[in-house]
Amino acid sequence: MATSIAIASGKGGVGKTSMSVNLSLTFAQMDKRTTLLDADFGMANAHILLGVKPDYYISDALKGSVSISQTLCSGPIGLSFASGGSGLIDMLNLDKKTRYQTIRLFDEIADDTDILVADVPAGASDSSLAFVSAADKVLIVLVGEPTSFLDAYSLIKVAHLEAGLSNFSIVVNMTQSEPQAKAHFEKFNSIVQKFLDVNLDYVGHLPLSTRLRQSIVARKPISIEAKDSRENACFQRIAKNILNSPKNETGGIRFFDQQIVQSKRVG
Ligand SMILES: Nc1ncnc2c1ncn2[C@@H]1O[C@H](COP(=O)(O)OP(=O)(O)OP(=O)(O)O)[C@@H](O)[C@H]1O
Ligand SMILES: [Mg+2]
């Protein structure tokens with residue numbers, strides 16, 4: 001059965017899209033059939049990092065004019081990619097029904113997918129929360145700043161209290177060193193544990209890196225262009241750890257809901 005991973009953050013601009021693209025490519029390199037969904041609807045930009053131009057968007061599949069398979073385009077190393085579309089104002093605030101329909105669209109590719117990575121909009125909006133709670137695993141990107149801590153705390157609180165999630169993987173981005181990343185994590189974890197009964201799992205860090213930033217400007221993802229780099233070693237470690245991290249079982253609306261996928265197969 002396919003595993004779904006939502007990549008989220010409290011604060012914007014902390015590296016979710018860079019993480020989503022490079023982690024997806026890392027999974028693809030591990031021979032996992034991987035699909036990246038740019039769920040930052042209306043503001044999607046992962047295709048730019050990947051250097052691909054989709055012919056169709058999720059919005060087209062929602063209208064019924066194409067199937068989800070037709071919206072998928074091929075990225076490097078066999079990665080499949082679906083974009084929420086950019087500059088589409090009507091996609092910015094998806095209503096509840098449309099969010100449900102979007103999650104159900106992916107049932108069609110359940111048998112052809114090992115891992116679905118969803119790049120989710122920043123913050124604790126209804127849209128972010130819907131994708132976060134629909135995924136088996138949530139990776140929260142944290143940076144060592146009080147505003148990032150506060151916003152990540154708010155996201156975890158809402159996801160826990162409103163959607164019943166208890167397991168969160170944490171990656172610390174833009175750090176000077178691994179010990180610094182761990183120190184940020186420990187500090188954040190101690191704040192969260194004071195108020196919430198949740199499990200935070202440290203899955204790794206990513207250094208503040210000019211090479212990573214340049215790879216994004218050049219549209220040449222570091223995970224394929226610089227395989228021996230320390231950044232790529234970090235992505236490999238994060239990918240491995242997240243696969244071993246605990247799943248959330250919320251009982252709500254889920255990607256690849258086994259019962260629904262099964263009934264669609266029979267139907
Ligand atoms: N480890 C890093 N080192 C240096 N620059 C980084 C790193 N991670 C991300 N960046 C840079 O930070 C900026 C924001 O990254 P990115 O777009 O991935 O963040 P985001 O969380 O997806 O933002 P948004 O909330 O707007 O969707 C980009 O310019 C990116 O190149
Ligand atoms: Mg982004």
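Predicted model, so just to flag it, every value in this text is computed and none were measured. Counting starts at 1 for both ligands and their atoms, following the listed order.
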Would you compute the distance between atom [atom1] of [X] and atom [atom2] of [Y] and round it to the nearest 0.5 angstrom?
X: Leu25; Y: Ile222; atom1: CG; atom2: CD1; value: 12.0 Å
X: Ser245; Y: Asp201; atom1: OG; atom2: CG; value: 5.5 Å
X: Ile140; Y: Ser169; atom1: CD1; atom2: OG; value: 9.0 Å
X: Ile242; Y: Thr26; atom1: CD1; atom2: OG1; value: 11.5 Å

Report, as yes or no, whether the 6.0 Å neighbourhood of atom [atom1] on [X] holds more than 12 heavy atoms from other residues, nucleotides or ligands.
X: Asp197; atom1: CG; result: no
X: Tyr56; atom1: OH; result: no
X: Glu225; atom1: CD; result: yes

Just need the protein heavy atom nearest to [atom], so name the residue and atom and give the distance.
atom: atom 11 (C) of ligand 1; value: Arg213 NH2, 3.8 Å
atom: atom 18 (O) of ligand 1; value: Ser18 OG, 2.6 Å
atom: atom 4 (C) of ligand 1; value: Ser209 O, 3.2 Å
atom: atom 12 (O) of ligand 1; value: Met174 CE, 3.7 Å
atom: atom 31 (O) of ligand 1; value: Ile216 CD1, 3.4 Å
atom: atom 20 (P) of ligand 1; value: Lys16 N, 3.4 Å

For this session: Indicate the ring-plane relationship of Phe106 and Phe255, choosing parallel, tilted or perpendicular according to the 30° and 60° boundaries.
Result: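 It falls in the perpendicular class, over 60°.
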
Exercise. Looking at Leu79, Leu50, Val52, which one forms a side-chain contact (heavy atoms from CB on, under 4.5 Å) with Cys73?
Worked result: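 Exactly one pass, corresponding to Val52.
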
Exercise. Which of these passes side-chain contact (heavy atoms from CB on, under 4.5 Å) with Asp40: Ser127, Ser83, Ser128, Pro121?
Worked result: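 By the side-chain contact (heavy atoms from CB on, under 4.5 Å) criterion, Asp40 pairs with just one of Ser127, Ser83, Ser128, Pro121: Pro121.
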
Exercise. Ignoring water, what protein N, O or S atoms are under 2.8 Å from the Mg ion (ligand 2)?
Worked result: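 Counting only protein N, O or S atoms under 2.8 Å from the Mg ion (ligand 2), the list reads Thr17 OG1.
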
For this session: Specify the closest pair of heavy atoms between Ala130 and Ile103, including all atoms of both residues, with the distance to one decimal.
Result: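 Smallest interatomic distance, heavy atoms only, reads O-CD1, 4.0 Å.
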
Exercise. Nearest heavy atom to atom 16 (P) of ligand 1: which of Gly13, Ser20, Gly15, Pro207 does it belong to?
Worked result: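 It is Gly15 whose heavy atom sits nearest to atom 16 (P) of ligand 1.
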
For this session: Just go through Leu212, Asp38, Thr17 and tell me whose heavy atom is the nearest to atom 2 (C) of ligand 1.
Result: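 Heavy atom nearest to atom 2 (C) of ligand 1 belongs to Leu212.
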
Show me which atoms of ligand 1 lie under 4.0 Å from any heavy atom of [X].
X: Leu208; result: 3 (N), 4 (C)
X: Gly12; result: 25 (O)
X: Asp40; result: 27 (O)

Problem set entry | Between Ser154 and Asp151, a side-chain donor and acceptor under 3.5 Å |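 Ser154 vs Asp151: no donor-acceptor pair found between side chains.
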
Exercise. Any N or O of Lys11 that comes nearer than 3.5 Å to an N or O of ligand 1?
Worked result: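 No - when backbone and side-chain N and O of Lys11 are compared with those of ligand 1, no distance drops under 3.5 Å.
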
Exercise. If you measure every N/O of Thr210 against every N/O of ligand 1, is any gap under 3.5 Å?
Worked result: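 No - when backbone and side-chain N and O of Thr210 are compared with those of ligand 1, no distance drops under 3.5 Å.
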
Problem set entry | Test log, rule salt bridge (Lys or Arg N to Asp or Glu O under 4.0 Å), inputs Arg104 and Asp107 | CA-CA 6 Å; Arg104 289 281 65 84; Asp107 293 337; 2.6 Å; yes

Exercise. What do we get for Asn173 next to ligand 1 when only non-hydrogen atoms under 4.0 Å count, side chain, backbone, both or neither?
Worked result: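 Near ligand 1, Asn173 shows its side chain, while the N, CA, C and O stay back.
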
